[in-house]
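A quick write-up on the structure given underneath.
Within every chain, numbering begins at 1; the chains are lettered A, B, ... in the order of the sequence lines, protein sequences first and strands thereafter. Side-chain atoms are counted along with the backbone in the values below, which use heavy atoms only and exclude waters and symmetry mates.
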Protein chains: 2
Amino acid sequence: MAKNCDFIEKLRELGLRPTKQRVNICEVLFNREKTFHFTINDLVKMISEKMNQKISLATVYNTVHAFEKKGYLKEISIDSHKSYFDTNTSAHHHFFDEDTNELIDCDENDIDPVNIKKNITGKKINSVEVLIKVASDNQNQK
Amino acid sequence: MAKNCDFIEKLRELGLRPTKQRVNICEVLFNREKTFHFTINDLVKMISEKMNQKISLATVYNTVHAFEKKGYLKEISIDSHKSYFDTNTSAHHHFFDEDTNELIDCDENDIDPVNIKKNITGKKINSVEVLIKVASDNQNQK
DNA sequence: AACTACATTATAATAATTCTAAACTATTGA
DNA sequence: TCAATAGTTTAGAATTATTATAATGTAGTT
Ligand SMILES: [Mn+2]
Ligand SMILES: [Mn+2]
Ligand SMILES: [Zn+2]
Ligand SMILES: [Zn+2]
């Protein structure tokens, strides 16, 4: 269980001022056992549930984007209407359950490393991400 | 070079009325040698350049989504701010050039098939997509 | 403490997307 | 033929998502 002073230190290291808005958002995002996936909307709900303080929507966007730029969050885009952030910033792949709209981390052993045989000339590979969309097996699907 | 009557037939087959808006959009999208990638904005510009008729933005959205649902277009989402549609609806992977914001089809031979060893229990795999983000190799990057 | 330069917040503005009422079109049957 | 009508499509209006910027806050300097 991380303490507030840990987040304050961490924010300072990143060159971000440890304002109370940011510390609160850190608590909601990073004060937990496991990494997880969330949308901006999820986060706004979590903040209003867990915190007494109101944080403006623009500040939530600012903070999430600041953390993303600093490498503390990763964005995973499913389609133009569904975009998630991931507190697991290591290189990993995802299943997306189209029935429940749930994004699920692939385990290391679930998928073999992607083998790229030929890259665009003069370019360096920054990331390789696999998205596996799944849905109910049986039954009459829409 | 496809003729308008081809598009009219095709739309009818799909169960969509061949309105002049839709036939015009078909001409812009499908009357060409190679498949390509576009954003809604790109498409609006192409329509206003190539056509004398004005089509409302809502109709462009409606039509693109109708074509997507019918399997005539595929959506490729890069991040929440960049979403492309692809007239190549076969299963294939992509490079995304972060310098130019260009989406490029992977050739069959550029990448080995993705080997998924363990899927979510009770779910069927609907699609597997790899996105490889690349950028300038050399120089001082931001 | 006052001044300054910069960082941060959050309101106001803008951009992206969808809702829905009006305009069309196909079908039916008199 | 050609209303009547049920469904489809369009596009202006409304909503939602995101960002720009003015106001506020903070830290360093004298
Ligand atoms: Mn972003
Ligand atoms: Mn869509
Ligand atoms: Zn993840
Ligand atoms: Zn493509």
Rounded to whole angstroms, how far apart are [atom1] on [X] and [atom2] on [N]?
{"X": "B/His81", "N": "D/dT19", "atom1": "NE2", "atom2": "C1'", "result": "10 Å"}
{"X": "B/Arg12", "N": "D/dT8", "atom1": "CZ", "atom2": "P", "result": "15 Å"}
{"X": "B/Leu14", "N": "D/dT9", "atom1": "CG", "atom2": "P", "result": "11 Å"}
{"X": "B/Lys54", "N": "D/dT10", "atom1": "NZ", "atom2": "P", "result": "13 Å"}
{"X": "A/Asn41", "N": "D/dT18", "atom1": "CG", "atom2": "P", "result": "9 Å"}
{"X": "A/Ile55", "N": "D/dT24", "atom1": "CD1", "atom2": "P", "result": "20 Å"}

Which nucleotide sits closest to the side chain of [X]: [options]?
{"X": "A/Ser80", "options": "D/dT18, C/dT17, C/dA10", "value": "C/dT17"}
{"X": "B/Tyr61", "options": "C/dT9, C/dA10, C/dA16", "value": "C/dA16"}
{"X": "A/Thr59", "options": "C/dT17, C/dA16, C/dA10", "value": "C/dA10"}

Inset, instruction - Measure up the A/His65 and B/His81 rings against each other and bin them: parallel (under 30°), tilted (30 to 60°), perpendicular (over 60°). - result: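 Perpendicular.
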
Inset, instruction - In plain terms, say whether A/Asp107 and B/Lys118 are close enough for a salt bridge, that is, a side-chain N and a carboxylate O under 4.0 Å apart. - result: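 No, A/Asp107 and B/Lys118 are not salt-bridged.
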
Legend entry - 5' precedence on DNA chain D between A/Asn62 and A/Pro18 (nearest-nucleotide basis):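 Its nearest nucleotide lies further toward 5', so the answer is A/Asn62.
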
Could you run down the sub-3.5 Å N/O contacts of the protein with nucleotides 4-7 of chain C?
| unit_1 | atom_1 | unit_2 | atom_2 | d |
| --- | --- | --- | --- | --- |
| C/dA7 | O4' | A/Arg17 | NH2 | 3.2 |

Inset, instruction - Start with the C-alpha distance between A/Ile25 and A/Thr19, add both sets of side-chain angles, then the distance that settles side-chain contact (heavy atoms from CB on, under 4.5 Å), and finish with yes or no. - result: CA-CA 10 Å; A/Ile25 291 173; A/Thr19 63; over 6 Å; no

